[in-house]
Amino acid sequence: MKTAVFDERKGQIHRKGEQPFQMTCDKDSLAGAVSQRACVFCGSRVVLYPIADALHLVHGPIGCAAYTWDIRGALSSGPALHRLSFSTDLQEQDVIFGGEQKLERALLELIERHDPKAAFVYSTCIVGIIGDDLEAVCKRVSKETGIPVLPVQSEGFKGNKRAGYNAACKAMFSLMGTGDTSEISRLSVNILGDFNLAGEIWIIREYFERMGLQVVANITGDGRVADIRRAHGAGLNVVQCSGSTMDLAHMMNEAYGTPFMRVSYFGVEDMAESLYKVARFFLELDPEILDRTKALVKEELDRMYPELLRYRRDLEGKKAAIYVGGAFKAFSLVKAFRIIGMDVVLVGSQTGTEEDYRELSEITDEGTIIVDDSNPLELSAFLQEKDVDIFVGGVKERPIAFKLGVGFCDHNHERKEALEGFVGMVNFAREVHASVTSPVWRFVPRKAGKRELLRNADRRGGQAK
Amino acid sequence: MKTNAAPYVSTTNACKLCKPLGACLAFRGIEGAVPYLHGSQGCATYMRRYIISHFREPMDIASSSLGEKHAVYGGGPNLKLGIRNVMTKYRAGLIGIATTCLTETIGDDVPGIVAEFKREFSDLLNQHGDPEIVTVATPSYSGSHMEGFHAAVKASVKQLAQAGPKHQGVGLFPGFVSPADIRYLKEVLDDFGISATILPDISLTLDGPALDEYEKVPRGGTPVEEIKSLGGAKAAIEFGRTLSKNVTAGGLLEEEYDVPLHSLGTPIGLRESDCFFSVLEEISGRAIPERHALERGRLIDSFVDGHKYVAGKRAVVYGEADLVVGLTSFLAEIGIKPVLCATGSRTGRFEQSIHAVLDEFDIELPVIRDGMDFYEIAEEAEELHPDLLVGNSKGYHLARRWNVPLIRVGFPIHDRFGGHRTLHVGYRGAQSIFDSVVNALIERKQEQSPVGYTYI
């Protein structure tokens, strides 16, 4: 089984309890290792994509735009320009003579056609190589059209997804400080790092509003350019997917003094603790906010617990594996599985830091495998070794589980089920339960084995012993 | 009639994919092969995700995972490291290396680097059974996924096939059809007693059984030894009316090894299938086996039974050029009017191919467009008031907007289950698509009826 691991990657795998914690991470993916990671462009695209009244133009050959067309389940309550896929579809001529002219004409054409509130222009690998001056083109078009046109420096090869997050944050930050903040209450927040998959940000907004807080900007789920322009007026930045938007929180803190805090909306404990943290922050301004928050949490828990306990009865003692993009989500998932009685035996991420993995090592049980930047060979070997009942990941992880006859839950950006908030925890438990308890596993080779199939055939033939 | 699309500079919702994706799909159909993209990590990951969503199967694509310094100093070292890793971990029988826009533009000489690799690592190569390495140039800024697909098939034949003893085997290059199509083609060839090498063969590699051990490289695919022996084949058959011989594997075999080539349309519908079966009769010297003659007879019988449900309906057809040509041919022969035939790529032979398959019918010619995206398809089609759409999942939003059925065929099918089990070709494929079309129209009629009939 250990033959699945590349020698160069041994330091990126830790088995809790076997040795003192030590983990190599934050390095480039090994060539030939079929990493589950994407690229810089992907990082920028996924963060900015849900801003629904902006134009998102991918400057590059067609693939980069085609593979990210409406890829997320990010919902909008109004405009839905983000769901279209725009590209300059660079051709050989453009590569030879430069693509600036094509980019400029494409921008003018699309801005006229769709009348967006801003435009984001993403650079891809090839743009970095041919050296198109994105900034100059964007500046010219901005002047001509009167809307902000923002270059996003996201050449695929210039680092990993994190570099893309940073480029996205820079682009958004340049929008800030340009909107009117006079109507904003001091009791107000921006929601950072939530992408409104399956309408999740609406759940979270409602919690904050019930607590008595004004939500200024969603960054970026169900996002609007005008909200982002005045986001610097909010009292607090609440940062969920910290990998993607913590940079923005830092920039805003430095420039506008906006305080920030890290939260998570997944699972019962983390969700409740996140709301309490925000309430405690505003306690001086609003002494009753904590009571209102407690009442909110109690009401939600009362509603969800009976159903959760029903699932727990069937799931107690089953084994779970987690492989997700960001490590912070993995923390919440480990706790969420504990609530439904399941043991996490494998946990990994594409981009965790040493500190992230150390924390994972602290909160997991003995023997748990912790892995950085994994690949199908390792993941499949781990699933078999640990005889896992459910694997949590994204679309690329799904066939690894299903091929081996293991249950699966999609916790990536393509899912269409809300998994955040208290209601999301119930949805998560329901989905895990539905997969783990499905009758189909008894037929897969991993469980059934050929012998049993033959035995059944004998029985049907009336020759049972 | 205009043949060029409106001169938009921008592309909105592309009706095509990029060149390396096609190459990866083609390599996946060779036994023991691991597709490998020479570029940055994102390309491999995005394409894997896209392909997995359709096939619901593992799709491992290795990458040389280039970073900034490689973009500046060249990707050679990482390309070699990656090949070594794929060899040792995947035990690949063949590594199919396709370039990306990045490595084409920085000018990496991939065949040269591979040759260096072979010199430097000859011991390692021997130790691992000396896997074949096939390379293909697939810059994404020139051509679509279909050009990449055909280029990879041709490169495999060019780099592997040898002049050898003549044999009775036949090479079949089916283009990008479904695993179900390949399984069907095998059955047909078997029934004619023809021993065939189908390249690529994704029937098992992208539609495999449940397993208890993860297969590093899925079983199935065209055996490399068979590709090598194609130089001595008795004949070759190639599907795709829009393909010119100078870009295809069949053309290469004819040119370099004098293998007689039968270039046919993708056998979708009755007449294009008839052409295919008659070529099989010619090659095998046998009459059509009875079970296929019966399938043909039943197909015509069903055309008659169903003709009134479809008569005069107007269809928009879009997708890969050769698929669209086949579907257009089929729709016309059952009495549906193709009103717009659109493809995202520019093949240069799209329009004449559509004309050729419509030639015998006295119908108004459809609007024919290549280089289209879905914005342009919508703009053209809106005026044409179609009753149905025929194409891949990506046209769903148009079907929804116009409230007409979408018959899902081709690739990708991201919003339905079993897209890769869709049968398109031969009499049986025509039967299956015909039933889908008729039933979709009946269902629409029921939905729109104020009463709702159960006899219809």
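We use all heavy atoms of the structure for the numbers below, so side chains are in, but hydrogens, waters and symmetry mates are not. To find a chain, count down the sequence lines: A is the first, B the second, and so on, and within it residues start at 1.
- Residues A:L30 and B:L81 meet the side-chain proximity criterion, which asks for heavy atoms closer than 4.5 Å.
- Proximity of the aromatic rings of B:H397 and A:W69 is defined here by a centroid distance below 6.0 angstrom, and this criterion is met.
- The shortest distance between side-chain heavy atoms of B:L21 and A:Y67 falls below 4.5 Å.
- Neither the backbone nor the side chain of A:Q93 has a heavy atom closer than 4.5 Å to any heavy atom of chain B.
- In this structure, the portions of B:K394 lying under 4.5 Å from any heavy atom of chain A include both its backbone and its side chain.
- A donor-acceptor contact shorter than 3.5 Å is absent between the side chain of A:K403 and the backbone of B:E215.
- At a 4.5 Å heavy-atom cutoff, the contact between B:S63 and chain A is made by backbone atoms alone.
- Here CD of A:Q350 is found 7.5 Å from OG1 of B:T45. Values are rounded to the nearest 0.5 Å.
- Neither the backbone nor the side chain of B:F55 comes within contact range of chain A; no heavy atom of the residue lies under 4.5 Å from a heavy atom of that chain.
- Without hydrogens or angle criteria, A:Q384 side chain to B:D212 main chain gives a donor-acceptor distance under 3.5 Å.
- Contacts of B:A44 with chain A are absent, with no heavy-atom separation under 4.5 Å from either backbone or side chain.
- For the pair B:E379 and A:R113, the salt-bridge criterion is not met [side-chain N within less than 4.0 Å of a carboxylate O].
- For a residue to count as touching a neighbouring chain, one of its non-hydrogen atoms must lie under 4.5 Å from one of that chain's; by this rule B:L17 touches chain A with backbone and side chain alike.
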